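Working notes, structure below.
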Amino acid sequence: MLIEQLINGLTLGSIYVIVALGYTLVFGVLNVVNMGHGEIFMFGAFMGVVVTNILGWPLYIAFVVAIVVTGILGYFLETFALRPLRGKEGVSHLAPLISTIGVSIFLENVAHHFFGSGNQPFRTSLSELKFVLGSTTVYYVQIIIFVIAILLMFGLTFWLSKTKAGKALRASAENLAVASLLGVNTKRTITQTVIIASAMGGIAGILVGIAFNSVNPQMGLSFGLKGLAIIILGGLGNVRGAMVGGLILGMAETFIVAYGDSGYRDAVAFIAIIVILIVRPQGIFGTATTGRKG
Amino acid sequence: ACGNSSTDDTESADSDDVVKAKVGVISYLTGSGASYGEAITNGINLAHKEITELGEVDIELKIEDSAGKQEEALSVAQKLMNSENVDAIIGPTLSTEMQIVGPEADLNGVPILGTSNTAEGIPQLGEYVFRNSIPETLAIPASVQKAIDKYGAKKVAILYGNDDVFTKAGYDTMKQVAEDLDLEVLTTETFQLGQSDYKAQLTKIKSLNPDLVLASALYNEGAVILDQARKMGIDVPFVGGNGFNSPEVIKIAGDAANGLIVATPWFAKKDDEKVKKFVEDYEAAYGMEPDQFAAQAYDGFYVMAEAIKNAGEADRDAIRDALAEIKDFEGVLGNMSFDEEGDIIMEPTVLIIEDDEYVVFE
Amino acid sequence: MVLEIKKISKNFGGIQALTDVSFSVEEGEILGLIGPNGAGKTTMFNMITAMYPPSSGVISFVGNPLSNLKPHQITEKGICRTFQNIRLFSDLTVRENVMVGNHCRLKTNVMQSVLRTKAQKAEEARVLATSDEILEVVGLANDKETIAKNLSYGAQRRLEIARALASRPKLILLDEPAAGMNEKETNDLFNLIKKIQTLNITVLLIEHDMPLVMRVCSRIIVLNFGKKIAEGTPSSIQNNKEVIEAYLGVEEEDELA
Amino acid sequence: MLGELINPYYLQVSSFILINIILAVSIYITLGTGQLSLGHAGFMSIGAYTTAILTLNYNMPLVLGVIIAAIVTGIVGTLIGIPALRLQGVYLAIATLGFGEVVRVLFINWDGLTNGAIGLSGIPHLGREIFNLSKSMGIEPDMFGLKNNQFISLAVFFVLLIITISVIWFFVRQNNSRIGRAFSAIKMDEEASEAMGINITYYKVLAFGQGAMLAGFAGALYAHLMAYISPSDFDYHRAVEILIFSIFGGSEVIWGSIFGAVFLSAMPEFLRFINEYRFMIYGALLVLMMAFRPQGIIDVNMMNRFKRLMPKKRGEKKHGTGNKEDQ
Amino acid sequence: MLKLDNISTFYGKIQALKSIDIAVEEGTIVTILGANGAGKTTMMNTIAGLLKPKEGTIHYLGIDVTGRRPDQLLRNGLALVPEGRGILATMTVLENLEMGAYHRSDSEVDADIEKVMDRFPILRERKEQYGGTLSGGQQQMLAIARVIMSRPKLLLLDEPSMGLAPIIVADIFKIIKEINEAGTTVLLVEQNARQALKVADHGYVLENGKVVASGTAKELLQDDTIKKAYLGH
Ligand SMILES: Nc1ncnc2c1ncn2[C@@H]1O[C@H](COP(=O)(O)OP(=O)(O)OP(=O)(O)O)[C@@H](O)[C@H]1O
Ligand SMILES: Nc1ncnc2c1ncn2[C@@H]1O[C@H](COP(=O)(O)OP(=O)(O)OP(=O)(O)O)[C@@H](O)[C@H]1O
Ligand SMILES: CC(C)C[C@H](N)C(=O)O
Ligand SMILES: [Mg+2]
Ligand SMILES: [Mg+2]
C-alpha cells in the first residue's frame with residue numbers, strides 16, 4: 001500500500017505544483033495573488049469536458065482548446081481586473097486581491113450557468129491505460145502528470161533566471177516605471193505572463209479531469225486554496241518553492257489519509273503554512289526581504 | 001430554467017367556487033447545490049401546471065432562491081410569509097435551511113412542507129412543519145439490511161463526507177446500523193465536499209478487503225468515488241444514502257456505477273401508470289429523467305394542493321390541519337401518510353444499479 | 001556625555017559595514033558624521049535607534065547602555081531620528097504627522113480615549129499646542145492641513161525634523177537633511193539646526209553638504225569603510241590629509257571654471 | 001395600526017445588515033493597522049460556538065454567553081495576533097485564511113462538542129428570549145398592536161441597532177485619539193512609526209485582538225439570531241464576504257466599511273428578480289469597482305467634502321487633530 | 001535634438017508644468033535649475049514618457065514623440081536616470097547592469113559591463129550583492145553605470161549628485177562631462193547649481209512650473225537674481 005499511496009501523493013502533488021506555478025508566476029511579476037486563478041483552472045477542466053465528451057474530439061485538441069481558452073481568460077483578467085489598478089496612485093495593495101476575487105466569483109457563476117452545478121464526466125481512454133509493477137498498478141496518466149509538472153518547473157526556472165524576458169519580468173515586478181525606463185515594454189511583458197500562467201492553469205485543469213474524472217464549478221476553489229497554501233509554503237514568487245511545496249502537500253494529504261485521520265486532510269495544508277510561517281515568515285525558499293532602513 | 005416565469009396560470013378557471021391560495025417555494029437555485037433545487041422546482045412546476053389544468057384549486061406560486069444559505073432562506077421565508085402573505089410554503093431544500101426556517105414558520109403560523117429534508121428531527125421543529133421526504137434513518141437501514149442479506153457481508157468499510165450535514169447524518173445512521181447488525185467496521189474514512197481525489201482513502205479501503213462499502217455521499221462526490229474505486233479494482237458493492245440516488249451517478253461514472261445500492265422512495269421504472277406518465281411528462285418538459293428530488297417535490301405539491309382543497313379556504317391554520325389529516329395519499333412515490341408529528345410514513349424501495357440502470361434490488 | 005559609542009561593529013552577511021567605531025556626543029553640541037558613500041553612517045544611526053542590533057559593541061545614552069531595547073523605547077528615552085529616504089506618514093496631514101511624533105509622550109489608553117476623560121481631553125489639547133509650536137519652529141505653520149505627500153521635497157525634509165522634534169528628544173539624529181536642497185534652502189536649514197540647538201537638543205548630523213557641515217558643526221567624526229579615520233573641529237578635518245583623500249577631494253573649482 | 005407597517009421581512013434583512021456592519025467594522029479595525037485578515041470567519045465561528053455551547057450545555061444566560069464568547073475570541077485573536085506580527089501583506093492574508101480553515105475543520109471533527117457538520121440547533125433565539133422575558137414581565141405584543149412575530153423581529157432589530165451604534169461610537173472615538181493616530185501611522189510605515197516611538201507590537205496586536213473580538217461578538221449574535229449554527233456557516237466565502245464589505249465600501253474610513261456592509265447585504269435582496277445572474281453581477285461589480293474606485297466607495301476625500309457640506313456640525317476630524325467641539 | 005513646445009503636465013487637478021518651452025542642442029549639456037517643487041522632476045518624467053503631458057508637443061530627433069512610452073524612447077536613445085535612482089532592489093548589481101543593456105542585441109554588452117566596472121570598481125566588488133543593500137551613494141553610481149550600458153544619445157539625469165560624498169560629486173560631474181564628450185547629449189537637473197552651471201553649456205531656471213530664465217551657463221552664473229536665489233550669495 002505504501003508504494004501506491006506514494007504514487008497517489010505524487011500525482012496529487014504534481015497537480016498542486018502546476019496550479020501553484022500559475023500563482024507563483026503572476027505573483028512573481030505583479031506582486032499580486034491572483035485569486036481568479038483557481039477558476040481559470042476550472043475552466044480548463046471544463047474545456048476538456050466540452051471537447052472530449054460533448055464534441056467527441058480527441059484529447060490533444062482538448063489540451064489545445066483549454067490552453068487557448070484559459071489564455072484568453074488570462075488576457076481578460078489582466079485587462080479588466082489588473083491593468084486598471086496598476087501604477088495608479090492611492091491604490092491599496094489589497095485592491096487586486098479584491099478585483100481578482102471578483103473575477104473568481106464571476107467565473108464560477110458563469111460556469112454554473114453554462115455547465116450546471118454538478119460534476120461533468122470526463123472520460124478518455126488515456127485514463128484507463130496502465131501497467132502493473134509488482135503488486136502496484138501504475139497509470140500512465142500519473143506519470144504524464146508528474147513529467148509535465150517537472151518540465152514546467154524547469155522551463156519556468158530557466159526562463160525567469162536565465163533569459164532576458166525573464167529578467168525583464170522580474171524588473172517589471174519590482175518597479176514598473178524603472179523597467180520601462182530600461183526599455184521593457186511592461187504592458188506586453190505582464191500580459192504575456194498572465195496568459196502563460198493562466199494557460200498553465202488550463203493544463204492543470206485537464207490533467208485533473210483525466211486523473212480524477214471530477215470536474216465541477218467548485219473545483220476552482222478547492223484547488224485554488226491549496227495552490228495558495230503552497231505558494232506561501234514555498235515562498236511567494238519562488239518556482240522551486242512551488243514545486244517542493246506542492247509535492248510535500250500532495251504527499252502529506254495522502255499520508256494523513258492513509259495513516260492518520262482523513263477528517264483533517266483539508267487542514268494539513270494550512271496547519272503546515274501556519275507552522276512554517278511562524279518559523280520562517282518568508283516561506284521555505286523565500287528570501288528575507290532585504291529592505292534597507294534609513 | 002426557473003424563476004418567476006412559473007406564475008403564468010393563464011388558463012386557470014376563474015370561477016369563484018375553487019379555492020384560491022398562494023404557495024411560496026424556497027429553493028436552492030444558485031450555488032453549488034443548485035441542481036437539487038432545480039429538480040425540486042421542476043417537480044413543483046410540473047405538478048402546479050397539472051393541478052391548474054385540473055382546476056380544482058387555484059394556486060399561485062411564488063418561487064424564491066435561498067442559494068442554500070441559512071440567512072437567505074430565512075430572509076426569503078420572512079418575505080414570503082410577511083410581504084407576499086403566502087398561505088403555505090414548500091421547501092427549503094436543505095435540512096440546514098429548514099432548521100432555521102421551520103421554527104420561524106411555526107411562529108408565524110404558516111404551514112411548511114419540506115420535500116427534500118432528510119435529516120433527523122425536521123417535523124419536530126414545530127406544529128406547522130411537515131415533510132414528505134424519507135429521512136436517512138429510514139432509508140439506510142433498509143438498504144444495508146438488504147445488502148447484507150443478499151451478500152452475506154460481514155466486514156464493511158465506511159466512507160462519508162464529514163463536512164456536510166446530510167452526508168454526516170447519513171454516516172451517523174450507517175454507524176448505528178453497522179452496530180445493530182454486528183458488522184465489523186474495518187475502517188471509517190472521510191472526505192470533503194467537492195474533493196476530486198479519493199485515491200488515498202480508496203487505496204486504504206482496498207488493502208483491507210471489505211465485503212461491502214457503506215458510502216454516505218451526495219451523488220456528485222459519490223459518482224466520482226465509484227469511478228475511482230472501480231478503476232482501482234474495488235469491485236464490491238457500495239451502499240449509499242439517498243442523496244447518492246440519482247441518474248447522474250450513471251452519467252458521471254458510467255459502468256463504474258454498477259453495484260451501487262440505495263434505498264429510495266422513488267423508482268422511475270416502476271410499473272405504474274402514474275409513474276410512467278410523470279416520467280414521460282417530466283422528460284418532455286425538462287429533457288431529463290426525474291430524480292427522487294423532482295419526484296418528492298412533485299408529490300409534495302400534490303399533497304399541498306390536496307390539503308388546500310380539503311381545507312376549503314386559503315387559511316394557514318386550516319391548511320395546516322388539513323395537511324396533518326392527509327392519509328394514504330397515492331403519488332408517484334407510492335402510498336404515504338403523515339404521522340402525528342408531521343413526518344412521512346412510507347416504505348422505501350431498495351434499488352441497485354445493474355447494467356447502467358437502476359433496478360429493484362431483491 | 002549624552003551618547004557614547006563603544007567599539008561598535010556591524011556585519012551584514014559578510015559585508016563589514018562598521019568596525020570598532022567609538023565616539024561620544026557631548027551635551028548641547030552639533031556633531032557631524034561624515035564619510036564617503038557606504039562608509040556606514042546610516043548604519044550607525046540604525047544601531048543607535050535599535051533598527052538593527054550591532055554585531056558587537058555597546059551604545060550608552062546618558063550613562064545607560066541601550067542594549068535589548070526596541071526602537072520605540074529608544075525614542076521614549078529621548079533619541080529620535082530622521083530618515084535619509086524621507087519616510088513620512090504620507091497620507092496624514094502635516095499636523096497629524098507631528099502629533100504622531102508626540103505619541104510616546106502621551107499616556108491615555110483605549111478606555112480613556114473612548115470615554116474622553118478629562119485627562120484625555122487635556123492631553124489632546126496639549127498635543128495640539130505642542131504640534132503647532134513645533135510647526136512654527138520649522139516654518140510649516142501655514143501647511144498644517146496639507147497632506148504630507150503633497151509637500152515639496154524640502155518641506156518634507158523639514159516635516160521629518162518636526163516630527164522627530166515632537167517626541168521631545170534630548171538627542172536628534174539627522175540623516176542628510178540637506179539632500180536635494182538648493183543653497184538657499186540649505187541656508188534655511190542651517191538656521192533651523194541652530195535653533196534646535198538653542199532648544200537644548202543635542203544634534204548628530206550626517207551630511208554630504210560640506211559647506212553646511214563646516215558651518216554648523218562644532219565637531220566632526222569621519223568614517224571610511226566602516227572605520228573611524230578622523231575626529232576633530234571642522235578646520236582640522238578640512239585639512240586632514242586622509243579625509244581629503246578619502247572624502248573631500250581637492251577643490252577643482254578653478255580647473256572647471 | 002403600527003402593526004401594518006412593521007414587516008418582519010424588512011426587519012430580518014435589517015438585522016442581518018446590522019450584524020454585517022459589526023463584521024465590517026471588525027475587519028476595518030484590523031486593516032487599520034495594515035494587517036489583512038482572511039480569518040474573520042474563523043473568529044466569528046469561535047464566538048458563535050462559544051456562546052452556543054455555553055447556553056446549550058451549561059444553561060448560561062444569553063447575555064453572559066455572548067460576552068464570554070467575545071472575550072474568548074478576543075483572547076484567541078490576541079494569541080494569533082502575536083505570531084501574525086511576523087507576517088506581512090499577502091502572507092498574513094493567506095495564513096489567516098488558513099487559520100479560518102483550520103478552525104472550521106476542527107469544528108467539523110470535534111464531534112462530541114460541536115456535533116460536527118450537523119451543527120448545533122436549538123440555541124436560544126434572541127428574539128424569542130426577549131419575547132418570553134417580556135411576557136413574564138406581563139408585556140404582551142398586542143399591547144402595542146403587534147403580532148408575536150412582529151414583536152420578536154422588532155425587538156431583535158432594536159437590540160442589534162443599539163449594539164451596532166455603540167460599537168461604531170466606540171471605534172469612532174478610539175480613532176479620534178492617540179490610539180487611532182498610532183494605527184494609521186503603522187498602516188503607512190511600520191518602521192517609521194517604531195522610530196517615532198510607537199510600540200508597534202502593542203498596537204498591532206491590539207488591533208488584531210479587537211478585530212477578532214468584534215468578529216467573535218458578531219458571531220455570537222449571529223448564533224442567537226439564527227438559533228442554529230454549523231461549520232459551513234463560517235467558511236472561506238464568509239471570510240471573503242466580510243473583507244469585501246470593508247474594501248468595497250472603503251477601508252480608509254469606518255463609514256466606508258459600514259456603507260459596504262449595508263450596500264452589499266442589501267443588494268442581493270434587490271437583485272432577486274435577476275436571480276440567476278446576481279452572483280455574476282456581484283463579481284463583475286467588484287472588478288469594476290476596483291478599476292474605477294480602488295480605495296472603495298467612501299474615501300477620506302469624500303468624507304472631507306461631506307464634512308465641509310455640514311459646516312455647522314463640523315464632524316470629527318480624522319485622528320482627532322481637529323476642532324474644539326471634539327475635545 | 002530635443003524640443004518641448006508649450007508642455008503642460010498635471011497631477012490630477014494640480015498643474016505642475018505650465019506651458020514649458022525648452023530646446024536642447026545636440027552635443028551640449030543643458031541644465032535645469034529650480035527650487036524644490038519647481039517641477040524639474042515632472043519635466044524629466046514627461047520627456048521620458050513616464051508622464052503624459054496634457055498639452056504641448058515634444059520633438060526628439062525631429063520627430064513628434066509626445067505620448068510615447070519610455071521603452072520606445074529608449075530604443076531611440078533617450079534615457080533617464082530617475083530621481084531616487086531607480087535601482088532594482090531585488091536584482092543583483094550585475095543583473096542591474098544587464099538590464100541596462102536590455103534593448104541591445106549587439107555582442108559588446110559584456111565588454112561594456114567590464115568597462116563600466118572599471119570605471120566604478122566598487123560595482124565589481126559588489127557584483128553579486130542585491131541592489132537594495134547598497135548605500136545611497138553606491139546606488140547612485142550603479143544607476144549611472146546602468147544608464148551608460150544603454151548607450152544613450154540623449155541622457156536625462158535627475159539630480160545625480162544627490163546624497164553623494166563631495167569627492168564623488170566631483171567625480172560624477174567629471175563623468176557627465178566625459179559622457180558628453182564621447183558624444184552624448186545631456187539634460188541635467190541639479191540642486192547643486194554652481195557645479196551644474198560649470199559643466200553645462202546652457203541653462204534654464206524653473207519656478208512654479210514655469211521657465212523664468214534661460215541663457216548660456218556663463219550668463220546665468222553672472223545673473224544677480226539667480227545668484228541670490230540659487231547660489232546662496
Ligand atoms: N541591510 C543591509 N544588508 C546588506 N548590506 C547593507 C545593509 N545596509 C547597509 N549595507 C551595507 O553597509 C554599508 C554601509 O551602508 P550605509 O547605508 O550605512 O552607508 P552610508 O554611510 O549611510 O552611505 P551614504 O552616504 O551613501 O548613505 C554599505 O556597503 C551597504 O551596502
Ligand atoms: N505624484 C504627485 N501628485 C501630486 N502632486 C505632485 C506629485 N508629484 C509632484 N507633485 C507636485 O508637483 C510639483 C512639482 O514637483 P517636482 O517633483 O516636479 O519638483 P522638483 O522641481 O523636481 O522638486 P525637487 O527639487 O524637490 O525634486 C510640486 O509642487 C509637487 O508637490
Ligand atoms: C438536496 C438534498 C441533498 C438535501 C438533503 N437531503 C438535506 O436534507 O439537507
Ligand atoms: Mg546613508
Ligand atoms: Mg525632483
Side-chain angles (χ1 to χ4, degrees), chain A residues 1-9 11-13 15-16 45 53 108-109 112-113 116-123 127-128 130 132 135-137 139 141-142 208-209 211-223 250-251 253-267, chain B residues 1 28-39 67-68 159-163 168 187-208 218-228 230-233 246 248-257 288:
Chain A
M1 181 170 90
L2 179 70
I3 295 177
E4 269 150 339
Q5 294 292 25
L6 214 65
I7 295 174
N8 290 339
T11 312
L12 183 62
I15 289 175
Y16 284 161
N53 269 38
E108 186 188 331
N109 285 284
H112 263 293
H113 194 72
S117 64
N119 262 321
Q120 294 289 328
F122 191 132
R123 242 170 280 128
S127 62
E128 313 279 341
K130 60 187 166 189
V132 179
S135 63
T136 6
T137 316
Y139 283 83
V141 185
Q142 296 180 313
V208 168
F212 303 131
N213 183 17
S214 161
V215 176
N216 58 59
Q218 291 82 48
M219 67 194 287
L221 178 63
S222 49
F223 277 88
M251 293 287 189
E253 286 193 353
T254 302
F255 280 89
I256 191 144
V257 172
Y259 301 105
D261 181 344
S262 47
Y264 286 92
R265 172 179 166 146
D266 272 358
Chain B
Y28 188 167
L29 296 172
T30 49
S32 58
S35 53
Y36 294 113
E38 219 167 276
L159 182 60
Y160 75 101
N162 73 336
D163 62 343
K168 169 67 167 45
T187 179
T188 302
E189 295 298 319
T190 64
F191 61 87
Q192 285 79 42
L193 274 181
Q195 196 165 308
S196 294
D197 173 21
Y198 303 89
K199 290 192 173 143
Q201 291 94 324
L202 292 171
T203 304
K204 192 168 168 188
I205 289 175
K206 184 185 171 197
S207 71
L208 296 168
L218 299 178
Y219 72 75
N220 242 333
E221 287 78 21
V224 175
I225 289 174
L226 276 173
D227 182 64
Q228 293 183 13
R230 300 299 186 226
K231 266 188 199 144
M232 192 174 271
S246 163
E248 290 287 307
V249 174
I250 301 171
K251 205 177 115 202
I252 298 170
D255 291 343
M288 54 182 163

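Since the model is a prediction, treat every value here as computed from it, not as a measurement.
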For chain B, find which of A:Asp261, A:Asn8, A:Asn109 contributes the most heavy-atom pairs closer than 4.5 angstrom.
A:Asn8
Heavy-atom distances under 4.5 Å only: say whether A:Phe122 touches chain B with side chain, backbone, both or neither.
neither
Which heavy atom in A:Val257 sits nearest to a heavy atom in B:Lys204, and how many Å separate them?
O-NZ, 3.1 Å
Counting only non-hydrogen atoms closer than 4.5 Å, does B:Glu189 touch chain A with its backbone (N, CA, C, O), its side chain (CB onward), both, or neither?
both
Gap separating the CG atom of A:Asn216 from the CG atom of B:Asn220, nearest 0.5 angstrom:
6.0 Å
Between B:Ala223 and chain A, with a heavy-atom cut-off of 4.5 Å, which part of the residue counts as in contact: side chain, backbone, both or neither?
neither
Residue A:Thr254 versus chain B: region with a heavy atom under 4.5 Å:
both
Counterpart residues, ring pair (Phe, Tyr, Trp, His ring centres under 6.0 Å), relative to B:Tyr36 (two or more places apart):
B:Tyr219, B:Phe293
Considering all heavy atoms of both residues, which atom of A:Phe212 and which atom of B:Ser196 are nearest to each other, and what is their separation?
CB-O, 3.3 Å
Bottom line for B:Asp227: the part with an atom under 4.5 Å from chain A's heavy atoms is side chain
Is the count of non-hydrogen atoms from other residues, nucleotides or ligands lying under 6.0 Å from A:Leu2 atom CG greater than 12?
yes
With a 4.5 Å cut-off on heavy-atom pairs, point out which of A:Met219, A:Glu253, A:Gln120, A:Arg123 contacts chain B the most.
A:Arg123
Check each atom of B:Ser207 against the heavy atoms of chain A and say whether the ones under 4.5 Å are side chain, backbone, both or neither.
side chain
Heavy-atom distance under 4.5 Å between the side chains of B:Lys199 and A:Glu4, does that happen here?
no
Region of B:Gln201 in contact with chain A, defined by heavy-atom distances below 4.5 Å
both
Specify the closest pair of heavy atoms between A:Ser214 and B:Gln195, including all atoms of both residues, with the distance to one decimal.
OG-O, 3.9 Å
Closest-packed option against chain A by number of heavy-atom pairs under 4.5 Å, given B:Thr188, B:Asn162, B:Thr190, B:Asp197
B:Asp197
Given A:Ser222, A:Gly263, A:Pro217, the one with more heavy-atom pairs under 4.5 angstrom with chain B than any other is A:Gly263
Inter-residue atom distance B:Thr203.OG1 - A:Leu6.CG, 0.5 Å rounding
11.5 Å
Set of ring pair (Phe, Tyr, Trp, His ring centres under 6.0 Å) partners for A:Phe255, sequence neighbours left out:
A:Tyr259
Is any side-chain heavy atom of B:Lys231 less than 4.5 Å from a side-chain heavy atom of A:Glu128?
yes
For B:Val224 against A:Asn213, the heavy-atom pair lying closest together
CG2-O, 3.5 Å
